[in-house]
Amino acid sequence: MSDVRVRFAPSPTGELHIGGARTALFNWLYAQKTGGKFILRIDDTDRERSSPDHLEAIYRALTWLGLDWDEGPDQPASYGPYVQSERLSIYTEAAQKLLQEGKAYYCFCSVEELAEQKKIVRESGQAPRYRGTCRNLPPAQQEEKKLTCQGHVIRLLTPEEGETVVEDVIRGWVTFDNANLDDLILIRSDGLPTYNFASVVDDSLMKITHVIRAEEHLSNTPRQQFIARQLGFRLPVYAHVPMILAPDHSKLSKRHGATSVQEYKEMGIVPSALLNYLALLGWSPGEDREILPLEEIVQLFSLERITKNPAIYDQQKLTWMNGHYLRTMELEELLQEALPFFQAAGVISANPTEEERLYLQAVLRIMRDRIKVLGEAVEATDYFFREDYAFDPEGVKKQFQQNKETGKILTRVSRVLQGLEAFEETAVHDALAGVAVELEVSQGKVNVPLRLALTGRTRGPELLDILLVLGKDRSVARIEKTLERFDLG
RNA sequence: GGCCCCUUCGUCUAAUCGGUUAGGACACCAGCCUUUCAAGCUGGCAGCAGGGGUUCGAAUCCCCUAGGGGUCACCA
């Protein structure tokens with residue numbers, strides 16, 4: 001057990017999306033690898049956008065992925081509470097301390113004033129920084145303003161000279177000029193802390209040793225370091241992981257298709273595949289391998305091997321990988337993963353009988369090579385669950401209408417199958433071969449129309465497998481029904 | 001716009017201290033297998049952003065340019 005403590009701190013303002021999931025994964029992996037603790041903290045200081053529903057969604061997504069946390073809102077330990085909105089007094093206290101030490105000050109500027117100033121500064125081509133109108137207000141005037149002004153915020157007194165160096169495991173030393181920093185707001189007028197402040201306070205109080213987060217936070221880090229220093233906190237180790245971009249190089253958003261973990265789940269991506277794919281986005285084991293079970297990723301993982309450059313996510317590779325997992329996982333596991341899809345479609349009952357489970361398992365066994373996501377499975381196997389399956393018009397035209405021999409062949413197949421005592425692989429195979437020989441036609445002339453009669457389709461699993469899964473009675477019945485329906489007798 | 005980060009096949013990436021026919025994977029193409037479709041196997045296509053240096057030698061080190069991304073909120 002090491003003293004490594006990492007954290008994933010989402011804000012409940014939306015579904016957990018792929019980028020957040022990867023950040024969570026990297027943190028989790030690092031904790032696993034080092035024997036440290038993975039902490040889930042909820043950064044809900046944005047009152048407007050945070051919602052309980054989103055919080056639930058985040059829990060669900062992380063749980064589904066199997067990224068379990070050692071400490072969090074529902075796993076209280078000595079560093080709680082783990083929800084920022086329940087820690088307000090802690091931030092207020094920290095801010096008061098800075099105020100008393102002269103490291104922060106009250107600012108009474110209104111939002112409108114600020115916007116105006118910003119506009120002017122921007123037009124002059126400068127970086128818009130807060131210029132500190134309220135920086136040096138004498139105490140008396142402060143007290144007066146407190147009474148007369150609408151509201152006030154607490155700002156950090158930030159140095160205008162010198163530079164701040166951020167040490168990042170992935171990027172090395174990054175230097176920022178303090179002149180570009182402004183007096184950022186610590187406590188908003190509604191009394192809630194801002195992200196930068198709350199985050200620093202909590203990371204320190206929660207004894208976070210490594211801050212692993214998205215690169216978009218790199219530019220905020222000098223500010224955060226300064227806050228930490230003013231508060232007398234030790235700095236954590238930073239690791240800013242590259243962003244995940246959409247195929248058009250822009251920031252990933254809804255218009256790029258599925259981006260939330262929930263959506264992937266619904267389309268039938270399995271957790272193992274998503275985790276494997278995500279791990280490879282911005283990290284590589286250093287050897288020529290792509291398929292890596294989680295346990296191995298944990299063993300091979302290191303922050304140093306995380307890439308510097310942003311990655312564009314590739315849906316095709318994800319689905320390829322998912323397909324690979326689908327056809328190599330244990331059949332029982334595949335059944336577990338697939339069950340909800342079939343239940344949702346109403347073809348398997350909510351509490352499946354052993355018979356139903358075995359049947360679905362048999363269907364999955366012969367279909368798994370042909371699907372990439374579980375969402376396709378129901379449609380692809382529909383004829384195993386209903387007798388009124390649709391017939392492919394092209395196939396019907398070619399096999400049933402244009403081919404005059406089909407009726408004779410299928411009739412014969414039906415008779416021969418009916419006559420079988422043991423409806424098993426070799427017997428059925430030999431029976432079909434026998435029909436071809438007997439009628440002096442190629443095996444294809446027998447098999448192609450037979451497949452169409454049994455499934456309504458021209459493509460699918462091995463014919464023999466279909467026959468065996470369907471069983472003798474249903475197979476024969478389907479052939480007979482087809483002969484009748486298309487008037488082939 | 002200021003600041004920061006990044007730049008190897010279309011995409012994800014590998015290449016310990018500079019010396020490789022620049023490797024793998026997805027996608028794509030072809031062949032094999034096969035009564036279908038897949039899967040699988042084999043092979044192919046395809047890359048060091050551009051320009052200067054340093055060096056016997058540079059994808060690798062330095063500089064410049066270009067491009068992409070991030071950030072500059074009383075969002076996180």
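Since the structure is predicted, the reported quantities are computational estimates derived from the model, not experimental observations. Naming convention: chains lettered A, B, ... in sequence-line order (proteins, then strands); numbering from 1 in each chain. FYI, side chains are in, hydrogens and waters are out, and symmetry mates aren't considered; it's all heavy atoms of this structure.
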Rounding to an integer number of angstrom, what distance separates [N] and [M] when you compare their [atom1] atoms?
| N | M | atom1 | answer |
| --- | --- | --- | --- |
| B:C45 | B:G31 | C1' | 15 Å |
| B:A46 | B:A25 | C1' | 14 Å |
| B:A49 | B:A22 | P | 15 Å |
| B:A76 | B:U65 | C1' | 35 Å |
| B:U11 | B:G53 | C1' | 33 Å |
| B:A14 | B:G24 | P | 15 Å |
| B:A59 | B:G19 | P | 9 Å |
| B:U71 | B:C56 | P | 45 Å |

Check whether any side-chain heavy atom of A:Glu215 sits under 4.5 Å from a side-chain heavy atom of A:Lys308, and report yes or no.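 Counting from C-beta outward, A:Glu215 and A:Lys308 never come under 4.5 Å.
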Using a distance-only test with no angle check, is there a side-chain donor-acceptor pair under 3.5 angstrom linking [X] and [Y]?
| X | Y | result |
| --- | --- | --- |
| A:Asp382 | A:Tyr389 | no |
| A:Ser51 | A:His54 | yes |
| A:Glu160 | A:Thr158 | no |
| A:Gln84 | A:Asp202 | yes |
| A:Asp46 | A:Tyr195 | no |
| A:Gln224 | A:Asn196 | yes |

When we call it a touch if two heavy atoms are under 4.0 Å apart, what does [X] touch: a base, just sugar-phosphate, or nothing?
| X | answer |
| --- | --- |
| A:Arg327 | sugar-phosphate |
| A:Arg47 | nothing |
| A:Thr307 | sugar-phosphate |
| A:Val174 | sugar-phosphate |
| A:Asp177 | nothing |
| A:Ser199 | nothing |
| A:Pro242 | nothing |
| A:Thr458 | base |
| A:Ser189 | base |
| A:Lys445 | nothing |

Now, which nucleotide makes the Watson-Crick or G-U wobble pair with [N], with each of the two distances under 3.5 Å?
| N | result |
| --- | --- |
| B:A25 | B:U11 |
| B:C33 | none |
| B:U71 | B:G2 |
| B:C61 | B:G53 |

Could you label the plane-to-plane angle of the A:Phe108 and A:His152 rings as parallel, tilted or perpendicular, counting under 30° as parallel and over 60° as perpendicular? tilted
Below 30° counts as parallel, above 60° as perpendicular, anything between as tilted: where do the rings of A:Phe486 and A:Phe391 land?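 Aromatic pair A:Phe486/A:Phe391 classed perpendicular.
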Is a donor-acceptor pair below 3.5 Å formed from side chain [X] to base [N], judging by atom type as modelled?
| X | N | answer |
| --- | --- | --- |
| A:Arg370 | B:C37 | yes |
| A:Ser219 | B:C72 | no |
| A:Glu290 | B:G24 | yes |

Both A:Gly282 and A:Ile371 contact RNA chain B. Which one's nearest nucleotide lies toward the 5' end? A:Gly282
Rounded to whole Å, please give me the gap between CZ in A:Phe197 and P in B:A76.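 Between P of B:A76 and CZ of A:Phe197: 13 Å.
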Which of these nucleotides, B:C12, B:C6, B:C72, is closest to any side-chain atom of A:Leu281?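 Of all the options, the side chain of A:Leu281 is nearest to B:C12.
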Listing time: all N or O pairs from protein to nucleotides 26-34 of chain B that are below 3.5 Å?
{"residue": "B:C26", "atom": "O2'", "partner": "A:Lys317", "partner atom": "N", "Å": "3.4"}

Where along residues 48-56 of chain A does a heavy atom fall under 4.0 Å from RNA chain B? A:Arg49
Drop me the distance from A:Trp320's CH2 to A:Asp314's CG, to the nearest 0.5 angstrom.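 Those atoms lie 11.0 Å apart.
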side-chain contact (heavy atoms from CB on, under 4.5 Å) with A:His240: which of A:Val211, A:Ile306, A:Asp168?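 Of all the options given, the one that passes is A:Asp168.
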